[in-house]
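We name chains A, B, ... by the order of the sequence lines, and we start the count at 1 in each one. Please read these numbers as outputs of a predicted model, since none were measured by experiment.
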There are 2 protein chains.
Amino acid sequence: MADVNNPGLNLLFLRDEELRQGIELLFFAYRDFTAEPDAILAKYDFGRAHHRVIYFTGRSPGMTVGELLGILRITKQSLSRVLGQLLKQGFIQQKTGSRDRRQRLLYLTEKGAELERQLSAEQRARIARAYRAAGAQAVEGFRKVMLGIIGREEDRRRFASKAGAAPGIAKPGQGTGTQG
Amino acid sequence: MADVNNPGLNLLFLRDEELRQGIELLFFAYRDFTAEPDAILAKYDFGRAHHRVIYFTGRSPGMTVGELLGILRITKQSLSRVLGQLLKQGFIQQKTGSRDRRQRLLYLTEKGAELERQLSAEQRARIARAYRAAGAQAVEGFRKVMLGIIGREEDRRRFASKAGAAPGIAKPGQGTGTQG
DNA sequence: TTGTTTACGTCAGCCATGTTGACATTTATG
DNA sequence: CATAAATGTCAACATGGCTGACGTAAACAA
């Protein structure tokens, strides 16, 4: 293909095989990453869309509907369907913004928070296992590459090193183990 | 939140933050990773499901329907819909297996191969950019972590170190499929 | 104050893609 | 020869994207 005719690329050893493996790593990892929560959600008659709303609401309590739409990159009509269900069933509550009373700030209820913990516990455990097995240095590489894949600086900002002194993390073998 | 009032949880807080960032890296990376191909596919009235079939058929020419189902982890009825369209429109062709004539081995047509190149070019470029920006060592870490996230050894095998291998490897599932 | 824009909600319908269940055909295999 | 396997197909249903149109309340600018 084109790569073969482009000597510049070859210098970087970014061979087609390597790049395709990257593509497939994303596919398989994401496929498996979402499988467990899906099973839990089914018990509540919820789907992946509900999970995302619950997750990001738990992550950033007080977030506006518009901000959530910006993260999910779906239409308000799509969001409305799942958000409406979560509100009606008491997993999420809205509060009118005090600074701007047009805004509806989103919060998990206690019930919602419990489901959130249950769902993300599975995913955190999976990530923890992978991090532990790979080692701290690999985790740093993982972060770098993933940040490179994310398209918008606006989205990357969310990952700005809060771990500024982060190196004290999970080494292979031990781990803190207490986190569910 | 409760964390703030709980002294001695600092290590755990960092760890939870780190794990959640991992969750979000997967979400954002996958979201952006699929966005560009989706736009191209729309022109053909195809969706992400078509892309997956085209991609994996191109990756492993001669693969059986059953093997593809195993990779995608969807039902044969779901696959049948998109595969049928791709066959009818001449993007994919099937050949009866020579070893086992019940099997239908999948191949891209030239038309299909061209679409495949167009689609994966976007994704390969994205991965290439990320790899280049992160550096070789980071890529190694990325691979390690991603492999840890993938659940089944069976799937991980596909990534067995072809590290020093020559370019242009094809991994025909098994059958030579010389039958017409 | 008034007019416009913004943030959010909602109704209605369409489409893609996943699911289950039932059944048919061809071929391999014990 | 009987059974199992690989594949295909029909039908019905659910989820969660989408567009388009329209409504309300609040903020903001002229």
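With rounding to whole Å, A:Arg99 atom CZ is found 10 Å from D:dA27 atom P. Rounded to whole Å, the distance from CD1 on A:Ile54 to P on D:dG16 is 11 Å. Taking atom CG on A:Leu86 and atom P on D:dT15, their separation rounds to 13 Å, with Å as the unit. In this entry the distance linking CD1 of B:Ile74 with C1' of C:dA16 reads 12 Å, nearest Å. Computed from coordinates, the A:Gln85 CD to D:dT15 C1' distance equals 10 Å when rounded to whole Å. If you take NE2 of A:His51 and P of D:dG16, they are 12 Å apart, rounded to a whole angstrom. We find that CZ of A:Arg104 is positioned 9 Å from C1' of C:dG9, with the value rounded to whole Å. What separates NZ of B:Lys43 from C1' of C:dA16 is a distance of 19 Å, to the nearest Å.
Judged by the 6.0 Å and 45° rule, A:Lys144 forms no cation-pi pair with B:Phe142.
Here the side chain of A:Arg156 pairs a donor or acceptor atom with the backbone of A:Ile150 at under 3.5 angstrom.
Annotation: of the two residues near DNA chain C, A:Gly84 and B:Arg48, the 5′-most nearest-nucleotide partner is A:Gly84. Residues A:Asp100 and B:Lys76 both approach DNA chain D. Their nearest nucleotides, taken by heavy-atom distance, put B:Lys76 toward the 5′ side.
Remark: the A:Arg81 side chain and the D:dG17 base include a donor-acceptor N/O pair separated by less than 3.5 Å. A donor-acceptor contact under 3.5 Å is formed by the side chain of A:Gln77 with the base of D:dG20. Taking 3.5 Å as the limit, the base of D:dA26 and the side chain of A:Arg101 contain no donor-acceptor pair of atoms between them.
A close approach under 4.0 Å does occur between a side-chain nitrogen or oxygen of A:His50 and OP1 or OP2 of D:dG16. Phosphate contact (OP1/OP2 of D:dC18, side-chain N/O of A:Arg73, threshold under 4.0 Å): absent. Within the 4.0 Å cut-off from OP1 or OP2 of D:dG16, not a single side-chain nitrogen or oxygen of A:Ser78 is found. Note on B:Thr75: a side-chain N or O is less than 4.0 Å away from OP1 or OP2 of C:dT19. Note on A:Arg52: a side-chain N or O is less than 4.0 Å away from OP1 or OP2 of D:dG17.
Scanning both residues, B:Pro37 and B:Gln123, for their nearest heavy atoms gives CG-NE2, 3.4 Å.
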Just list the side-chain donor-acceptor pairs under 3.5 Å for residues 81-89 of chain A, sequence neighbours left out, or say none.
| unit_1 | atom_1 | unit_2 | atom_2 | d |
| --- | --- | --- | --- | --- |
| A:Gln85 | OE1 | A:His50 | NE2 | 2.8 |

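When ring centroids are compared, A:Phe33 and B:Phe27 stay outside the 6.0 Å threshold.
End-to-end axis angle for the helix from C:dT1-D:dA30 to C:dG30-D:dC1, using five pairs per end and rounding to 10°, comes out at 30°.
Backbone-only contact: A:Gln94 has heavy atoms under 4.0 Å from sugar-phosphate atoms and none from a base.
Residues that satisfy the side chain to side chain contact (heavy atoms under 4.5 Å, CB included) test with A:Thr109, not counting sequence neighbours, are A:Gln93, A:Lys111.
Side-chain proximity of A:Arg102 to C:dA28, C:dA7, C:dG9: nearest is C:dA7.
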Full working for side chain to side chain contact (heavy atoms under 4.5 Å, CB included) between B:Asp100 and B:Thr64: CA-CA 10 Å; B:Asp100 183 337; B:Thr64 70; over 6 Å; no
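Between B:Arg73 and B:Asp155, at least one side-chain nitrogen of the basic residue sits less than 4.0 Å from a carboxylate oxygen of the acidic one, meeting the salt-bridge criterion.
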